[in-house]
Amino acid sequence: GALRPDILEERVLSALIEFKVEEVRLPALLFGLAEAADALETVFSLSLSGLLSPDTDGSLPESIRRLGVAARPNGKVNVGLGRLRRPEPAPGD
C-alpha cells in the first residue's frame with residue numbers, strides 16, 4: 001500500500017504494522033526487511049507469532065535463526081478472557 005501524501009511528514013512515537021504471511025514466504029520477507037532497514041532513518045523491531053497445533057512442530061524460532069535472524073521464543077498466550085460470555089442457565093431454569 002501507499003501512505004496518503006498529506007500524512008508523509010507526520011511524526012509518531014510508535015506505530016504497529018500487522019499482516020499475515022505464509023511461512024514459506026518468510027525468508028523473502030526477512031531478507032526484504034533487512035534491505036529496507038539499511039535505508040530507514042529509524043529503528044524498528046520485528047515480532048512474529050504463529051499458532052501451535054498438533055500439526056505444527058514449533059520449529060519457527062529455529063527456522064528464523066537459520067536465516068541469520070536472532071530469535072527469542074518468548075511466549076504470549078491469549079486465552080480469550082476478553083470475550084463476553086452468556087452465563088450458563090442455573091439447574092432447573
Side-chain angles (χ1 to χ4, degrees):
L3 296 174
R4 294 188 332 250
D6 62 311
I7 63 170
L8 291 178
E9 296 301 319
E10 294 288 331
R11 304 256 181 212
V12 296
L13 178 62
S14 178
L16 298 175
I17 301 171
E18 297 181 358
F19 55 91
K20 293 180 181 181
V21 64
E22 295 171 357
E23 191 170 340
V24 296
R25 296 180 61 197
L26 194 55
L29 172 68
L30 294 175
F31 289 123
L33 286 172
E35 286 181 3
D38 291 336
L40 294 176
E41 295 179 15
T42 188
V43 296
F44 69 90
S45 61
L46 175 66
S47 178
L48 300 172
S49 65
L51 297 175
L52 288 177
S53 72
D55 299 333
T56 61
D57 61 5
S59 64
L60 184 59
E62 185 55 36
S63 299
I64 294 167
R65 281 190 207 98
R66 280 196 302 271
L67 295 170
V69 177
R72 295 187 312 189
N74 299 336
K76 176 182 177 182
V77 177
N78 293 325
V79 294
L81 296 177
R83 294 187 191 132
L84 179 61
R85 292 196 164 181
R86 297 189 186 278
E88 294 289 325
D93 281 352

Give the cluster check for Val24 versus Phe19: same hydrophobic cluster or not, with ILVMFWY residues linked at side-chain heavy-atom distances below 4.5 Å.
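No, it is not one cluster - the side chains of Val24 and Phe19 are not joined through contacts under 4.5 Å.
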
Quiz item: Are Leu16 and Leu46 grouped together when hydrophobic residues (ILVMFWY) are joined by side-chain heavy atoms under 4.5 angstrom apart?
Solution: no

_Value rounded to 0.5 Å, distance of CG in Leu48 from CD1 in Ile64_ =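 Between Leu48 CG and Ile64 CD1, I get 4.5 Å after rounding to 0.5 Å.
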
Show which residues join Ile7 in its hydrophobic cluster (side-chain heavy-atom contacts under 4.5 Å, direct or indirect), or state none.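 Besides Ile7, the cluster holds Leu3, Leu8.
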
message: Considering only residues two or more places apart or on different chains, which pairs with a residue in residues 13-25 satisfy side chain to side chain donor-acceptor pair (under 3.5 Å)?
response: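 Residue pairs passing side chain to side chain donor-acceptor pair (under 3.5 Å), neighbours aside: none found.
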
TODO: Under the side chain to side chain contact (heavy atoms under 4.5 Å, CB included) rule, collect the residues that match up with Leu67, sequence neighbours excluded.
DONE: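 Scan of Leu67 (side chain to side chain contact (heavy atoms under 4.5 Å, CB included), adjacent residues dropped) gives Pro27, Leu30, Phe31.
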
Residues that Arg65 engages under side chain to side chain contact (heavy atoms under 4.5 Å, CB included), provided they are two or more places apart |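 Arg65: side chain to side chain contact (heavy atoms under 4.5 Å, CB included) contacts with Pro61, Glu62, Ala71, Pro73.
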
Between side-chain atoms of residues 36-44 and protein atoms elsewhere (two or more places apart, or another chain), which donor-acceptor pairs fall under 3.5 Å?
none

